Amino acid sequence: MELPPQYNAKEVEDKIYQLWEKSGFFNPDNLPARHKKPFTIIMPPANANGNLHAGHALVMTIEDIMTRYKRMNGFKALWLPGLDHAGFETQVVYEKKLEKEGKSRFQIPPEQLYKEIMDFTLANKTNIESQTRKMGASCDWSREKFTLDADIVKTVYNTFEKLYKDGLIYRGKKIINWCPKHQTSLSDLETNDTEKVDKFYYLKYGPFTIATSRPETKFGDKYVVMHPKDKRYKDYKDGQKIELEWINGPITATIVKDDVIDMEFGTGVMTITPWHDAVDFGIAERHNLEKEQIIDFYGKLLPIAGEFAGMKITEARQLIIDKLQSKGLVEKVEENYKHIVKTCYKCNASIEPQIKEQWFLKMKPLAEPAIKAIEKNQIKFMPEHYKKISLHWLKNIIDWNISRQIVWGIPIPAKTCEKCGEIYVDINNKINVCKKCGGSLKKDPDTFDTWFSSGQWPYATLGFPKSKDFKTFYPTDVMETAGEIIFFWVARMIMFGLYNTKKIPFKNVYLHGLVLDAKGQKMSKSKGNVINPLDLTDKYGTDALRIGLVVGNTPGTSLALDENKIKGYRNFATKVWNASRFVLMNLEGYKENSKVSLDAKDKKTLKDFQKEVKEITKEMDSFRFYTAAEKIYHYFWHTFCDKIIEEQKTKLYGTDAKEKAKAQYLLMTILVESLKLLHPFMPFITEEIYQQLPIKGKKQCIMIEDWPA
RNA sequence: GGGCGCUUAGCUCAGUUGGUAGAGCAUCUCAUUUACACUGAGAGGGUCAUAGGUUCGAGUCCUAUAGCGCCCACCA
């Protein structure tokens with residue numbers, strides 16, 4: 001029995017993956033009888049809008065390691081793959097593509113745009129699936145789900161209806177984050193805080209001086225707010241009216257006292273623009289003040305701005321100041337005023353707060369059970385400090401705007417009466433006439449925030465509420481994903497899971513960090529430092545990339561992906577290949593079952609190995625794959641190869657048949673068991689060698705072998 | 001403003017309940033065709049950010065300080 005002198009990763013990998021797929025063992029239903037207790041990981045659905053990146057490669061590797069390990073340990077292991085339509089994310093990618101072609105999404109009728117993005121997504125879906133296979137993922141393709149599958153959409157709709165009936169969903173006319181470029185509202189998580197340097201204007205507002213960086217919003221300001229305890233303004237009473245000269249003529253302003261005002265800041269007095277500022281909106285709500293829109297949804301001034309109407313706010317700003325100046329209303333202008341502006345996390349355009357009717361989800365009642373479950377440690381976080389981070393966020397949670405003004409996504413199943421405004425949630429599309437006034441109904445034009453559907457992923461994919469899979473595999477065992485999306489996704493899955501199924505969706509949360517470039521910098525197209533994981537698998541083999549991604553990669557910490565490191569593990573793969581080749585080359589006369597009486601030294605070697613196995617198993621059970629991988633690596637290379645094989649050479653090359661048999665027994669035992677230990681990390685090469693092993697009682701593949709004990 | 005981390009060898013990072021500092025890469029010396037040069041044998045290199053404290057004993061626990069980073073937040 002001989003292995004070829006060189007390991008050819010490219011040839012072997014495709015062949016071996018096919019062998020696995022044909023075996024059917026990715027599907028837990030096909031596993032041998034010993035696999036009884038379920039073990040479940042739901043794969044984070046990849047955004048079907050591009051290629052697999054280094055982060056995906058890490059997800060695939062860690063989750064495959066867990067799945068293979070549990071499968072070898074006799075679990076009925078299910079790793080369920082999926083893809084996400086990724087609503088806004090995908091639409092943005094597609095819009096960029098359109099832009100390059102000189103087109104805009106606003107020129108394309110919605111139905112056609114939806115179809116185009118669907119085609120684009122489906123093409124990417126196929127692409128991502130084949131790249132996932134390339135990574136060696138032992139996931140059950142027969143159970144693959146897509147967030148737009150009919151059954152998933154049905155689950156999402158049922159949840160929406162249930163939430164609505166429970167009074168947790170409401171249609172609210174609140175201030176929202178509006179991206180003027182993308183023409184949609186965004187959740188608070190979808191905005192960034194960016195520091196900007198602007199001019200800061202001190203304007204005379206009657207007897208007061210107010211400061212602002214945004215004079216263009218000030219046309220409708222007719223409330224002037226100060227702190228109730230501010231002695232400087234004690235002569236002004238709440239509700240008092242004053243007459244003053246403003247941008248476009250005389251106005252009447254009303255004094256408002258509110259303790260949100262910081263007496264230390266500026267003059268301690270400000271005017272408010274409730275339609276375009278969240279703080280001001282809050283004040284207006286508390287005091288029941290009028291709100292008026294100044295800027296339209298495209299960022300242009302409305303007729304209230306008088307002569308400035310129709311102008312873009314950026315163009316109007318200086319002109320407005322000029323006018324105020326000519327009226328003697330500008331007290332001073334501070335240059336280089338640094339302040340924080342909310343921006344769209346995709347295009348960096350300044351968010352224009354707007355009041356708009358949207359669908360909101362009340363979060364506090366959903367967060368409470370999640371907080372309890374986490375505090376009771378029903379969900380274990382790795383690394384642990386994510387427990388605190390999650391709790392902090394959940395305890396300070398605010399209502400979630402779940403509607404988006406984009407076509408790509410799951411349509412919100414609601415209708416509004418065009419006559420009386422009555423709202424109907426109609427998940428089966430059966431209500432056609434307003435029950436109240438008989439008026440005709442208009443379908444809601446919006447789609448769900450993509451996280452509203454992916455937040456339901458663990459139970460939706462398993463066929464909640466009635467399927468056998470749901471009963472068998474839920475709650476799932478591990479949720480492994482990027483720490484970055486703890487709030488976007490993980491926290492919401494916990495809330496939805498508890499709300500709908502009354503159970504936690506997963507017992508363990510394993511959060512990996514970012515994959516950075518070799519210098520520890522974030523990969524980005526503009527920097528040109530993006531490492532394509534598939535290039536690395538191509539160059540060094542998938543096994544080398546996998547173990548290279550895992551060794552030393554503690555959860556929560558970002559990882560510098562250095563090609564040299566992968567190269568090092570390619571060398572290790574070669575080492576594994578050559579050591580196996582050597583052992584197999586020296587099996588002359590070897591009889592597997594013949595009795596050998598080992599020397600005391602050999603017995604100690606085996607005992608040491610057993611000790612190693614125990615330690616590695618302990619690391620695996622504690623989710624410390626980074627140390628487990630390192631230990632196996634170290635043992636195989638520096639103990640098995642450098643010491644044990646070297647020591648046995650004299651026996652192997654000698655003439656004493658008994659001694660030779662002892663050596664063969666020892667080497668084969670440790671080799672076979674080591675290959676099993678290595679299998680979760682380096683599945684391809686270990687499987688290829690296993691297939692060539694001349695041993696009896698061999699299973700169909702190493703993938704379903706017993707983990708060494 | 002609040003919260004959460006990090007600081008250990010030249011670099012990237014481990015270090016599980018406190019018990020004489022570890023790995024990979026890099027560097028240096030030696031071996032020269034050995035299953036494997038994608039190799040082997042060996043070496044150098046750290047007052048574990050700083051200052052206190054608890055302890056028989058602290059990289060590890062506590063307090064403070066400094067530097068770095070991340071997240072959340074309604075200072076016009």
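Lettering of chains follows the sequences in order, A, B, ..., and the numbering in each one begins at 1. These numbers were taken from a predicted model, which means no experiment stands behind them.
- Taking atom CZ of residue A:F488 and atom P of nucleotide B:C70, one finds them 17 Å apart after rounding to whole Å.
- Rounding to whole angstrom units, CD1 of residue A:I689 and C1' of B:C36 are separated by 13 Å.
- As judged by a 4.0 angstrom heavy-atom cut-off over every strand, A:G548 is placed among residues making no nucleic acid contact.
- Closest approach to the A:F265 side chain among B:C75, B:C38, B:G40 is made by B:C75 (side chain taken as heavy atoms from C-beta onward).
- The P atoms of B:A43 and B:G59 are separated by 25 Å, rounded to the nearest whole Å.
- Taking the six-membered ring for Trp and thresholds of 30 and 60 degrees, A:F582 and A:Y653 have ring planes more than 60 degrees apart, a perpendicular arrangement.
- To the nearest angstrom, P of B:C38 lies 12 Å from NZ of A:K575.
- In a base pair of the Watson-Crick type (N1 to N3 plus N6-O4 or O6-N4) or a G-U wobble (N1-O2 and O6-N3), with each distance short of 3.5 Å, B:G5 is matched with B:C68.
- Listed candidates were B:C74, B:C36, B:U39. Nearest to the side chain of A:V260 is B:C74.
- In this structure, B:A14 forms no base pair with any nucleotide, since neither Watson-Crick nor G-U wobble geometry is met with both distances under 3.5 Å.
- Nearest-nucleotide positions on RNA chain B for A:N192 and A:C641 put A:C641 closer to the 5' end.
- If you measure from atom CD1 of A:I645 to atom P of B:A35, you get 10 Å, rounded to the nearest angstrom.
- With a 3.5 Å ceiling on both atom-pair distances, B:G45 lacks any Watson-Crick or G-U wobble partner.
- Between A:F200 and A:Y202, the ring planes are perpendicular. Angles over 60° get that label, and only those under 30° would be called parallel.
- As a whole-Å value, the separation of A:W393 CH2 from B:C71 P is 15 Å.
- Candidate nucleotides B:C72, B:C36, B:U39 were compared by shortest atom distance to the side chain of A:R581, and B:C36 ranks first.
- Rounded to whole Å, the separation between the P atoms of B:G15 and B:U54 comes to 28 Å.
- Across all strands, A:K649 comes closer than 4.0 Å to base atoms (heavy-atom distances).
- Closest approach to the A:T557 side chain among B:U16, B:A14, B:G40 is made by B:A14 (side chain taken as heavy atoms from C-beta onward).
- Across the P atoms, B:U7 and B:A49 are found 7 Å apart, a figure rounded to whole Å.
- Checking B:C61 for Watson-Crick or G-U wobble geometry (two distances, each under 3.5 Å) identifies B:G53 as its partner.
- Looking at heavy-atom distances under 4.0 Å, A:T271 makes no contact with the nucleic acid at all.
- Aromatic ring pairs are classed by plane angle as parallel below 30°, tilted from 30° to 60° and perpendicular above 60°; the pair A:H638 and A:H634 is tilted.
- Taking atom CZ of A:F640 as the reference point, atom C1' of B:A35 lies 11 Å away to the nearest angstrom.
- Among the atoms of the strands shown, only primed sugar atoms or phosphate atoms (P, OP1, OP2) are found under 4.0 Å from some heavy atom of A:T627.
- A:D262 comes within 4.0 angstrom of a nucleotide base, judged by non-hydrogen atoms across all strands.
- Partner assigned to B:C38 is none, using Watson-Crick or G-U wobble distances below 3.5 angstrom.
- Within the 4.0 Å cut-off from OP1 or OP2 of B:G5, at least one side-chain nitrogen or oxygen of A:K388 is found.
- Separating the P atom of B:A9 from that of B:U60 is a span of 15 Å, rounded to the nearest Å.
- Minimum atom distance to the side chain of A:E646 is reached by B:C36, of the listed B:C36, B:C75, B:C4.
- The gap from the P atom of B:U55 to that of B:C70 amounts to 40 Å, rounded to the nearest Å.
- The side chain of A:N578 approaches B:C36 more closely than any other nucleotide in the set B:A14, B:C36, B:A23.
- Residue A:E264 qualifies as open at atom CD: its count of foreign heavy atoms under 6.0 Å is 12 or below.
- Rounded to whole Å, the C1' atom of B:G22 lies 26 Å from the corresponding atom of B:G67.
- Within the 4.0 angstrom heavy-atom criterion, only backbone atoms of the sugar-phosphate kind lie near A:D642; the bases stay farther away.
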Item to check | From CA spacing to verdict: side-chain hydrogen bond (donor to acceptor under 3.5 Å, both in side chains), A:H339, A:D198 | outcome: CA-CA 8 Å; A:H339 62 146; A:D198 282 309; 2.8 Å; yes

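- Residue contacts for A:G266: at a heavy-atom cut-off of 4.0 Å it reaches no nucleic acid atom on any strand shown.
- The aromatic rings of A:F636 and A:F572 stand perpendicular to each other, their planes meeting at an angle above 60°, with 30° marking the opposite boundary.
- The side chain of A:A560 lies closest to B:U12, out of B:G5, B:U12, B:A35.
- Positionally, the nearest nucleotide of RNA chain B for A:I389 lies more toward the 5' end than for the other of A:D562 and A:I389.
- If you check every strand for non-hydrogen atoms under 4.0 Å, A:F200 touches nothing.
- The partner of B:U33 cannot be assigned: no Watson-Crick or G-U wobble pair with both contacts below 3.5 Å exists in any strand.
- Across all strands shown, A:Y337 has heavy atoms under 4.0 Å from sugar-phosphate atoms exclusively, and none from any base.
- Only the P atoms considered, B:G2 is 14 Å distant from B:A64, to the nearest whole Å.
- Under 3.5 Å, the side chains of A:K387 and A:N377 contain a donor-acceptor pair of N or O atoms.
- Looking at heavy-atom distances under 4.0 Å, A:I283 makes no contact with the nucleic acid at all.
- Across all strands, A:Y626 comes closer than 4.0 Å only to sugar-phosphate atoms, never to a base (heavy-atom distances).
- The side chain of A:H339 approaches B:A76 more closely than any other nucleotide in the set B:A35, B:G2, B:A76.
- Side-chain proximity of A:N571 to the nucleotides B:A23, B:A35, B:C38 is greatest for B:C38.
- Of the candidates B:C72, B:A23, B:A35, B:C72 carries the atom nearest the A:L189 side chain, counting heavy atoms from C-beta on.
- Taking atom CZ on A:F636 and atom P on B:G40, their separation rounds to 12 Å, with Å as the unit.
- For the C1' atoms, the distance linking B:G1 with B:U8 amounts to 33 Å, nearest Å.
- Between A:F582 atom CZ and B:A35 atom C1' there is a gap of 6 Å when expressed in whole angstrom units.
- B:A76 makes up no base pair with any nucleotide shown, lacking Watson-Crick or G-U wobble contacts both under 3.5 Å.
- For the 3.5 Å distance criterion, the side chains of A:T273 and A:D221 qualify, holding a donor opposite an acceptor.
- Note on ring orientation: taking the six-membered ring where Trp is involved, the planes of A:W451 and A:F488 are tilted (angle from 30° to 60°).
- Among the protein residues, A:R214 comes within range of no part of the nucleic acid, since none of its heavy atoms lies under 4.0 Å from any strand.
- A:Y653 comes within contact range of the sugar-phosphate backbone alone, with a heavy-atom separation under 4.0 Å but no base atom that close.
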Checklist entry - How far apart are the C-alpha atoms of A:S350 and A:K196, what are their side-chain angles, what is the distance that settles it, and do they pass the side-chain hydrogen bond (donor to acceptor under 3.5 Å, both in side chains) test? => result CA-CA 10 Å; A:S350 291; A:K196 288 206 170 161; 2.9 Å; yes

